Structure formats: C-alpha cells, structure tokens
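Because the structure is a prediction, the values reported are computed rather than measured. For ligands, and for the atoms within them, numbers begin at 1 and follow the listed sequence.
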Amino acid sequence: MLEYKVSVVTGEMTWGGTMDNVFITLIGSEGESERTLLNKQGRDFASNQPDKEFTVQTDTSLGKIDLIGLEKEQYLFLFDDDWFCCKVVVKTPDQKELHFPCYRWINERQLVYLREGTAVTLLKETSPLLRMYRELELREHRKTCQWSQLAEGLPHTLNVDNVKDLPADFQFTFNRTLHFFITSNLSQAELKIKFLANQKKAWENVEAIGKAFFFNKTDIYTYVQEHWKEDEFFGYQFLNGANPTVVRQCRRLPDNFPVTDSMVQASMEDSSLTTEIMKGKIFLCDYALLDGVQANTVNLRRQYVGAPLCLLYQNKNDKLIPIAIQCNQPAGEENPIFVPGDSKEDWLLAKLYVRAADFLIHQLDAHLLRTHLLVEVYTLCTLHNLPAVHPVYKLLIPHTQYTLHINTLARERLLAKDGLIIKYSAVSKEGLNTVLRKALDSLQYSALCLPEDIEARGLKDIPNFFYRDDGQEVWDIITKYVGGVLQFYYPSDIEVAADVELQKWIGDIFLHGFLGNEKSNIPKAFRSKDELIKFVTMVIFTMTAQHSALNSGQFDFGGWIPNSPPSLQSPPRKVKGRATEGTLLHTLPDVNVSVQSMAAVWGLTRKPEEFVSLGNHTEQYFTEPDVVAVINVMKDELKQLSEKIKKRNEGKDLPYCYLDPAEIENSIAI
Ligand code: FE2
C-alpha cells in the first residue's frame with residue numbers, strides 16, 4: 001500500500017471555510033486513486049487554521065501526478081456553504097511535494113480539476129487527457145462569461161447586468177463589499193444631512209462648495225481649493241494631476257487655432273511664440289474628441305460641452321503656464337482666443353472650459369475606455385483562451401481580480417439609465433457613446449505603452465514630470481519581470497508563433513477590444529517573443545499602474561468642483577469683457593450635481609479593504625523555483641522604487657504618489 005499525504009489551504013476571507021465534506025481524486029500517468037474523503041477530527045476546512053495532513057492510499061504508484069479532482073458535498077443536514085480553496089499540496093511516497101494552485105470558490109457537488117503548478121504551453125502538452133482538460137476548462141469559461149456590447153463601436157463586455165449574477169470567483173469578498181457599501185453610504189449620508197443632494201440650484205458663492213463635504217478632505221484637495229485659480233497650478237495638472245494623458249508638445253499650431261505672436265507676447269518673457277515653438281517649449285491640449293458631441297439636460301437645463309484648445313508655455317522657471325485658450329474647435333469671431341491679459345473673469349471661465357473638457361476626456365477616454373473597458377476585454381480573452389496552466393494566464397490572473405465586479409457595478413450604478421454619469425454628465429448618453437466610439441477609433445497601440453506615448457507626445461525632456469518618471473520605472477520593472485518569466489516557456493520566437501492558445505488570445509483581443517481596427521496597430525498575432533513581452537507588459541501596466549495614475553487622483557484634483565466641473569451650464573463666452581463673478585457661479589454645475597460628483601470621486605479613491613499593492617498578491621500561481629526567483633526580484637525592485645519615490649516626495653506641497661508601487665493596486669478593483 002502506498003500513501004500520498006495531502007494538505008489543503010483554505011482562504012482567509014470571511015466565510016472562506018466550509019463544514020462540508022471534501023473528496024479528492026489523484027490522477028496520475030499510471031492510474032487514479034479512489035475518490036477519497038478528506039476527514040480528520042474537528043473542522044477540516046476553516047480559515048486561518050494550521051494545515052492538516054490527510055492520507056490517500058493506493059495499491060500501486062500513480063506515476064506522475066499532473067491533475068487532481070476536488071469535490072465538495074453537503075455535510076449531514078447543514079446548509080451548503082461555498083468553500084474558497086487556495087491550494088492543495090500532495091506529498092508523494094518518494095517525498096516529492098507537488099503544488100496545485102486553486103484560488104477559487106467551490107460549490108456544492110462541483111467537481112473541480114486542478115493542474116499541478118508547473119506552467120505548460122499547449123505545445124509542450126503531450127498527454128491527450130491533459131489537452132482535453134485544457135479545452136474543457138476554456139469551454140466552461142466561454143459558457144459562464146459570454147460577450148455583450150454596451151453600444152455599437154465600443155469594446156465588448158461581459159454579458160452580466162448585475163453583480164449578483166457574476167460567478168463567485170469574480171465577485172468582491174464580503175469584507176470588500178461591506179467597505180465599499182459603507183464608504184459610499186457615509187458620503188451620501190453627509191450630503192443628505194445637509195439637504196444638498198436634492199438642491200437643484202446654483203451655488204450662492206464659491207466658499208459654500210467647500211462646506212459641502214466638510215469631513216472629507218485630503219491634503220492635495222485642500223491645496224487645490226487654495227490654488228485652483230493660479231495659472232501655474234493649472235499647467236501643473238496636465239503633467240501630474242488626475243489626467244496626464246492629454247498634453248503634447250506643439251511643433252506647429254493647428255490651423256483652427258490661429259494664435260499670433262502678438263496675442264501672447266505678454267506671456268513670453270523676452271522671447272516670442274515662434275521662437276519658443278522652435279525650441280520645443282510650447283505645448284498643446286486639444287479636446288477635439290468633444291467637438292459636436294450631444295449635450296445633456298440636467299435639472300431641466302441644457303448643459304454645455306466645449307471642445308477647447310489650450311496652448312501652454314514652459315517658462316524660464318520650468319513651469320508650464322497657459323497662454324491662450326479657444327473654447328471650441330472652429331476658429332472665428334464668435335469663438336475668441338482668450339489670454340491671461342483678458343479680464344480675470346474671462347480668463348478664469350476659459351480655463352474652466354478646459355478643466356470641464358479635461359474631466360470628460362479623463363473619465364471617458366483615459367479612465368473608462370483605456371483602462372476599465374479594455375482591461376475587461378483582456379480579462380475575458382484570458383479566461384476564454386488560456387487555461388489556468390498557461391504561463392500568460394498565471395502572469396495576468398492576479399491582476400484581473402475584481403475587475404469584472406467593478407465594471408459590472410459601474411454599468412449598474414453609473415452608466416445605466418438612472419446612473420450617476422448618465423444623469424449628471426455634461427454629455428448625453430448618445431454623446432457619451434460618441435466620445436467613446438471616437439476615442440476607440442483613434443486609439444493607437446503606442447498610446448497604451450507609456451514609453452512610446454511619452455515619446456509621441458514630445459514629453460521626454462520636460463522637467464518635473466513625475467507621471468513619466470515613475471511610470472517609466474514601473475514599466476521597466478514589469479518588462480523585466482514579464483521577460484524573465486516568459487523566457488522559460490518561450491526560448492525562441494518559434495514557440496511564440498506556434499502557441500495556438502496564445503495566438504487565439506491576441507486575435508480575440510484585437511477583435512473584441514479594438515473591433516478589428518488595423519489602424520490601431522494592435523497586434524492580431526504574435527510573431528516574436530519581444531512582441532509578446534511588450535504586449536503582456538502593456539496589459540499588466542494598464543491593469544495596475546496606469547489605472548492607479550488615472551483613478552487615485554480623482555478626489556484630490558476633482559473633489560473641488562471649480563477645478564474639475566463634471567458639467568457646465570452656460571456656453572463659452574462669444575464676446576470678451578462681459579463676464580462677472582456671477583457668470584462663474586451660474587456656469588458651474590448646480591448644487592446637487594456638484595455634491596454627487598464630489599461623493600462619487602471620494603468613494604472611488606478610498607483605499608479599499610484588503611488592498612493588495614502591485615506584485616504583492618499572496619496567490620502562488622507559479623511554483624517553479626526559477627520563476628519564483630524572478631517574481632521576488634520584481635517585488636524587491638518595486639520596494640526600492642517605492643522608497644525612492646517617497647524620498648523624492650518629502651517636503652513637497654504636491655507630492656506625486658499615484659505611481660508609488662506601494663500605492664498601486666494590483667488590479668482594477670475600483
Ligand atoms: Fe477606476
């Protein structure tokens with residue numbers, strides 16, 4: 001008689017354990033064990049308890065064990081309770097320790113097959129039985145996670161309308177749900193107590209806005225409140241604010257933005273616009289995507305969306321300052337170019353239109369489309385095409401945790417008919433879809449890869465650009481990590497090209513995410529290792545760092561509504577010199593719209609319960625020592641970078657923390 005020792009690790013989350021019976025079957029190259037009940041004295045599968053060792057007996061050796069079957073059955077008359085199994089460890093009679101990662105919920109009478117932890121591509125899968133299990137697993141995921149589409153021309157999404165209908169593996173844990181619920185309800189409660197949530201009228205003065213959210217503040221929010229009118233701070237935000245994705249170097253003025261030397265001479269110190277353009281010191285923010293977009297009606301009032309162009313100058317003190325703003329795209333007499341020398345009300349209003357446009361582009365294009373929606377596509381394509389034993393699955397899956405949940409929640413609460421965005425945004429639902437459609441249609445692969453994006457926008461040399469500096473370091477660490485892991489499975493380009501599962505994965509991403517748009521330059525197949533490493537790096541960077549850069553500053557920079565209005569209620573000025581302070585108050589969103597926006601960005605930027613920082617997930621999907629060593633190097637490098645960034649930020653009024661690895665969440669979960 002031979003004895004195989006089995007230990008099982010249960011998840012530590014609330015209600016991760018089970019009272020039910022668990023059975024195991026060991027499946028080897030030379031035979032299978034009996035279906036064996038794992039049973040000891042006391043509760044065998046509770047959270048936070050020392051591993052118990054069970055025994056599975058066989059008459060003969062099972063050979064190489066690549067697979068186990070795990071099954072749960074109701075115990076006596078107790079209620080069925082789901083069980084979160086982290087992993088199973090099997091010690092063979094010759095003392096070999098085999099790890100079977102699971103990290104999923106197991107339901108009543110569900111038979112789950114787990115592969116031994118060594119990652120294997122299809123090319124190396126010689127056993128017909130194991131090839132069949134790969135296919136079965138993918139078939140199951142394709143069945144439970146089907147495609148849907150929000151609207152024509154947008155990336156495809158999961159066909160689930162309510163988080164309750166999501167498979168348990170993709171749902172928030174109990175603690176996370178509770179924390180999310182409490183955070184959003186506390187903000188709402190404060191607003192309700194103050195009777196602000198239903199006030200459909202303009203603010204009486206700007207100071208009143210500061211009193212709306214008395215308990216909820218951050219240091220940066222307070223800084224913004226004090227400095228939002230300043231040109232230097234206005235310019236700073238394009239580099240290190242909540243949305244660093246728009247500004248680019250201006251080598252030639254657009255034809256529809258006829259700024260002349262004389263118009264901006266007062267801002268140019270002892271130089272001129274023409275000279276500074278040639279020196280590469282002039283920058284542009286162009287919100288052309290918003291041109292002609294259908295506006296919303298809020299509180300029975302039509303809202304207004306500009307499509308501004310804003311010119312900025314990197315002055316002798318290396319500060320980026322705005323020097324000219326045109327609030328709409330077509331040049332003309334009724335669309336004047338505002339400059340800092342205009343009346344302070346005119347200039348402030350012009351900047352307000354830029355900030356409102358930036359809010360929309362930030363939320364719709366940079367945040368929603370390029371991170372949340374595309375990451376949903378990367379996640380679903382991974383589940384549909386890569387089995388759990390595939391190395392790329394193992395690389396990506398920790399960075400997909402809760403993304404399907406938060407995106408489903410966003411569709412329920414923000415993007416549904418009565419959702420916050422649809423009700424209170426400056427653009428109508430059709431307008432929102434138009435912006436997303438135009439943004440996807442013009443999206444380039446290079447814009448998703450930070451180093452290429454920075455190069456294409458001509459921002460390699462601009463000083464004090466912390467998003468670029470920190471982002472580049474995180475990008476490099478991820479590239480090294482991805483390359484370090486994948487070298488073990490893809491010794492040459494040949495293995496990449498021959499991996500059918502991998503080729504289907506990227507083909508699906510090209511179709512479901514980018515709708516087969518060749519102009520996007522997204523690969524539809526991989527021909528080399530380098531192409532694969534770059535793409536997987538981009539995916540992990542987007543799932544973690546890029547989302548953090550776009551999500552974490554939402555309250556800091558957007559909580560103070562005059563700095564980041566979600567909507568505006570009067571059209572841009574057609575004539576200079578007539579705006580008053582009252583114009584500003586009547587242009588800002590009404591009280592109810594403002595406070596709902598403040599509450600939303602507050603809730604979306606609270607550090608969630610069970611926060612896991614980049615690379616620090618405890619799940620051990622990879623078990624090979626060489627790969628684990630690569631992972632440990634990555635963790636170490638991220639830790640060092642975190643210390644470096646913290647040191648750089650010391651003493652700064654405006655520290656840039658969004659790309660500090662310790663602050664980057666390991667997946668898009670908010
Ligand atoms: Fe987000």
Side-chain angles (χ1 to χ4, degrees), residues 150 154-155 157-158 163 166 170-172 176-177 179-181 183-184 187 218 220 241-246 358-380 398-416 419-422 424-425 432 435-436 439-440 448 450 467 471 474 513 538-559 564 566 596-614 657-660 663-670:
L150 270 178
L154 305 193
T157 57
L158 178 68
V163 287
L166 276 174
F170 308 131
Q171 290 189 19
F172 282 177
R176 200 163 180 126
T177 301
H179 182 263
F180 186 84
F181 183 76
T183 310
S184 53
S187 318
T218 62
I220 294 182
N243 181 23
T245 65
V246 174
D358 197 73
F359 174 88
L360 280 176
I361 291 301
H362 169 213
Q363 292 299 357
L364 299 181
D365 181 9
H367 186 193
L368 178 63
L369 173 70
R370 297 197 207 177
T371 67
H372 281 262
L373 291 179
L374 286 175
V375 166
E376 184 166 343
V377 172
Y378 307 147
T379 302
L380 290 172
H399 306 294
T400 65
Q401 195 170 31
Y402 307 134
T403 300
L404 297 178
H405 187 118
I406 197 67
N407 280 10
T408 307
L409 209 54
R411 283 193 280 277
E412 261 181 68
R413 294 201 185 173
L414 302 178
L415 298 166
L420 201 64
I421 292 181
I422 300 301
Y424 295 136
S425 167
L432 183 144
V435 176
L436 290 173
L440 181 63
L448 300 173
L450 181 130
Y467 163 76
V474 176
M538 180 280 285
V539 170
I540 295 178
F541 186 83
T542 308
M543 289 169 163
T544 57
Q546 184 68 0
H547 178 257
S548 177
L550 296 166
N551 190 83
S552 307
Q554 288 181 95
F555 182 80
D556 285 347
F557 289 91
S564 209
Q596 291 292 354
S597 180
M598 290 161 101
V601 291
W602 173 260
L604 293 173
T605 47
R606 292 314 86 208
K607 211 170 198 173
E609 190 72 18
E610 298 166 355
F611 175 90
V612 176
S613 64
L614 174 56
C657 310
Y658 309 134
L659 289 178
D660 171 352
E663 303 298 323
I664 297 174
E665 192 159 20
N666 204 37
S667 63
I668 298 183
I670 193 75

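Between Glu663 and Lys607, at least one side-chain N (NZ, or NE/NH1/NH2) sits under 4.0 Å from a carboxylate O, which counts as a salt bridge.
Within the 4.5 Å cutoff, the side chain of Thr403 has no heavy atoms near those of the Tyr378 side chain. Leu432 has its side chain within reach of Leu364: a pair of non-hydrogen atoms, C-beta onward, lies under 4.5 Å apart.
Backbone or side-chain N, O or S atoms of Leu604 do not reach the Fe ion (ligand 1) at under 2.8 Å. Counting backbone and side-chain atoms alike, Asn551 contributes an N/O/S atom closer than 2.8 Å to the Fe ion (ligand 1).
Among heteroatoms of the N, O or S kind in His547, NE2 lies nearest the Fe ion (ligand 1).
Counting heavy-atom neighbours within 6.0 Å of Arg413 CZ, excluding the residue itself, gives a total of 12 or less.
The Fe ion (ligand 1) lies at the vertex of an angle of 90° between the NE2 atom of His372 and the NE2 atom of His367 (rounded to 10°).
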